Amino acid sequence: MHSHNRASVVHQLRYALGHPGRVPRHLRRLTRDLWLRLGNRDHVAYYRAVMRSDTARSPRGAVGSRSYRRWVAMGKMQFDYLVRHGLRPEHRMLEIGCGNLRAGRLFIGYLDPGNYYGIDISPDILIAAQDTLVSYDLRDKFPHLLPVGDLRFTALPDQSFDVIHAHSVFSHSPLHVIEECFRGVGRIMRPGGWFDFTFDRTEGREHHVLREDFYYRTETLLDLAAACGLRATFMDDWERLPHRQSKIRITLPERENAEDHAVRDAGRPAEAVPDHGRPEVERDRDPSGTERDRALSEGERDRVRPGAGHQGHLGREAGRAAPDLAEESRM
């Protein structure tokens with residue numbers, strides 16, 4: 001979590017004085033940013049060009065890991081978290097921004113054959129992903145790797161995925177791209193499924209650095225999800241892991257899940273439908289098994305918002321960002 005504006009001149013001067021060795025790299029990024037923006041007015045096309053440049057130097061570096069050890073550790077942390085929250089081999093999973101399969105190689109190995117779909121806006125990083133498949137002998141799991149031109153998912157059918165995952169994607173996305181993604185997720189996610197994404201959280205002013213790194217307040221993304229007809233929950237347990245980004249979970253509204261459950265039960269005898277005061281689908285759907293993560297009411301959602309009376313994250317912040325697991329910091 002970041003409380004200061006990393007795009008401000010004051011921050012950049014202080015950063016330069018404190019990290020003089022990183023100034024040349026930042027100047028190279030600034031020069032590249034100006035050049036790429038001249039030829040790519042659309043943000044997705046611009047960031048595709050950024051990924052082409054980064055992947056040419058190092059596929060691992062392009063996804064934020066400068067060493068193999070960090071690449072392995074970051075992938076394992078993502079995988080372990082989703083398994084703890086209910087990912088099962090029979091689930092069909094979509095990974096948005098799969099990169100060179102830092103976490104995807106573990107998801108592919110765990111899921112039943114054919115159940116992993118990885119998409120990325122960068123054809124270059126997907127070529128590196130194919131190398132990962134070969135290196136880890138995962139070809140017989142029949143994963144699907146698809147290049148995409150945006151995050152609307154127009155080529156994917158309705159209600160196709162149980163679990164959708166995007167790690168360090170929205171940290172590089174302006175708000176209109178996130179909104180397009182939310183609306184697409186609402187169409188392709190199955191009732192009872194969930195969509196987890198990470199983002200760079202700030203409690204100060206929202207900002208971006210060189211149109212590559214975007215910092216959002218939690219309530220901005222929660223409100224955007226609600227405007228798209230989705231439920232959003234801030235994942236407090238992720239905050240205890242050694243990672244600088246925060247995580248939000250998206251689910252379909254209870255009304256849609258209940259209607260789907262009623263359709264499935266239409267042919268069952270009345271006595272076979274349990275009556276415990278709430279639909280059975282609610283108990284089955286919740287992957288975390290906690291009342292907090294359901295966030296069924298506006299009041300519950302407000303209670304888990306950082307910066308809205310919730311101070312639990314701030315006291316733990318100093319212990320979260322273990323340098324071996326954090327994404328590469330940018331100026």
Side-chain angles (χ1 to χ4, degrees), residues 1-8 11 64 77-78 81-82 85 96-97 151 164-186 189 194-209 212-253 286-288 290-321 325-327 329-330:
M1 190 274 295
H2 305 272
S3 60
H4 52 275
N5 187 340
R6 296 166 67 89
S8 71
H11 167 78
M77 186 173 71
Q78 297 173 55
Y81 184 85
L82 285 189
H85 278 254
I96 303 168
L151 298 186
I164 303 174
H165 177 249
H167 184 90
S168 197
V169 173
F170 293 168
S171 54
H172 305 298
S173 303
L175 209 57
H176 75 273
V177 172
I178 298 176
E179 180 179 359
E180 290 175 355
C181 182
F182 279 0
R183 296 192 184 280
V185 163
M189 186 165 61
W194 77 92
F195 167 40
D196 277 11
F197 65 86
T198 62
F199 68 104
D200 278 321
R201 177 163 64 95
T202 180
E203 292 191 347
R205 181 181 178 182
E206 294 181 335
H207 59 281
H208 67 82
V209 179
E212 290 187 31
D213 304 310
F214 291 77
Y215 297 82
Y216 294 109
R217 295 176 64 86
T218 304
E219 54 265 33
T220 296
L221 299 179
L222 296 179
D223 291 343
L224 179 61
C228 295
L230 303 168
R231 298 194 316 162
T233 304
F234 185 86
M235 302 304 288
D236 187 75
D237 61 342
W238 176 264
E239 298 291 293
R240 295 189 286 271
L241 298 176
H243 194 265
R244 291 191 179 104
Q245 293 183 3
S246 295
K247 185 183 284 284
I248 286 176
R249 173 163 298 168
I250 297 288
T251 56
L252 295 176
D286 183 23
S288 66
T290 65
E291 287 293 327
R292 172 183 52 74
D293 287 341
R294 293 189 177 94
L296 295 178
S297 69
E298 184 69 23
E300 286 185 35
R301 189 183 72 171
D302 287 340
R303 193 166 66 245
V304 297
R305 283 182 176 179
H310 185 76
Q311 302 297 323
H313 314 299
L314 303 180
R316 292 193 297 269
E317 194 64 37
R320 290 178 54 217
L325 292 184
E327 303 286 353
S329 61
R330 297 175 183 264

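As the structure is a prediction and not an experimental result, all values here were calculated from the model.
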Do the non-hydrogen side-chain atoms of [X] and [Y] ever get within less than 4.5 Å of each other?
X      : Y      : answer
His207 : Tyr216 : no
Arg231 : Ile250 : no
Phe214 : Val209 : no
Phe182 : Leu224 : yes
Ile96  : Ile164 : yes
Arg201 : Arg244 : no
Glu206 : Thr220 : yes
Trp238 : Thr198 : yes

Check: Got a donor-acceptor contact below 3.5 angstrom from the Ser173 side chain to the Val169 backbone?
Finding: yes
Checklist line | Test item: Arg217 side-chain N/O and Thr202 main-chain N/O as donor-acceptor pair under 3.5 Å | finding: no
Next item on the list: Evaluate side-chain contact (heavy atoms from CB on, under 4.5 Å) for Leu252 paired with Trp194, printing each intermediate quantity in order.
Entry: CA-CA 8 Å; Leu252 295 176; Trp194 77 92; over 6 Å; no
Rounded to the nearest 0.5 Å, how far apart are [atom1] of [X] and [atom2] of [Y]?
X      : Y      : atom1 : atom2 : answer
Phe199 : Ile248 : CZ    : CD1   : 4.0 Å
Leu222 : Thr233 : CG    : OG1   : 8.0 Å
Glu180 : Cys228 : CD    : SG    : 10.5 Å

Check: Which pair of non-hydrogen atoms, one from Gly229 and one from Pro253, has the smallest distance, and what is that distance?
Finding: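 Looks like O-CG, 2.9 Å.
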Item checked: Nearest heavy-atom neighbours spanning Ser168 and Gln245 ->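 Scanning both residues completely, I find the closest heavy atoms to be OG-NE2, 3.2 Å.
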Item checked: Working for side-chain hydrogen bond (donor to acceptor under 3.5 Å, both in side chains), residues His167 and Asp196 -> CA-CA 8 Å; His167 184 90; Asp196 277 11; over 6 Å; no
Check: How far apart are the C-alpha atoms of Arg205 and Tyr215, what are their side-chain angles, what is the distance that settles it, and do they pass the side-chain contact (heavy atoms from CB on, under 4.5 Å) test?
Finding: CA-CA 8 Å; Arg205 181 181 178 182; Tyr215 297 82; over 6 Å; no
Margin query: Using the rule side-chain contact (heavy atoms from CB on, under 4.5 Å), only one of Gln78, Lys247, Met77 pairs with Leu241; which is it?
Written below: Met77
Margin query: Does Leu221 form a side-chain contact (heavy atoms from CB on, under 4.5 Å) with Ile178? I'd like the steps, not just the answer.
Written below: CA-CA 9 Å; Leu221 299 179; Ile178 298 176; 4.1 Å; yes
Next item on the list: For Phe195, enumerate each residue passing the ring pair (Phe, Tyr, Trp, His ring centres under 6.0 Å) test, keeping only those at least two apart in sequence or located in another chain.
Entry: Phe197
Checklist line | Sub-6.0 Å ring centroid separation between His208 and His172 | finding: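 Not close enough - the centres of the two rings lie 6.0 Å or further apart.
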Next item on the list: Applying side-chain contact (heavy atoms from CB on, under 4.5 Å), run through Glu203 and Thr218 and close with a yes or a no.
Entry: CA-CA 8 Å; Glu203 292 191 347; Thr218 304; over 6 Å; no
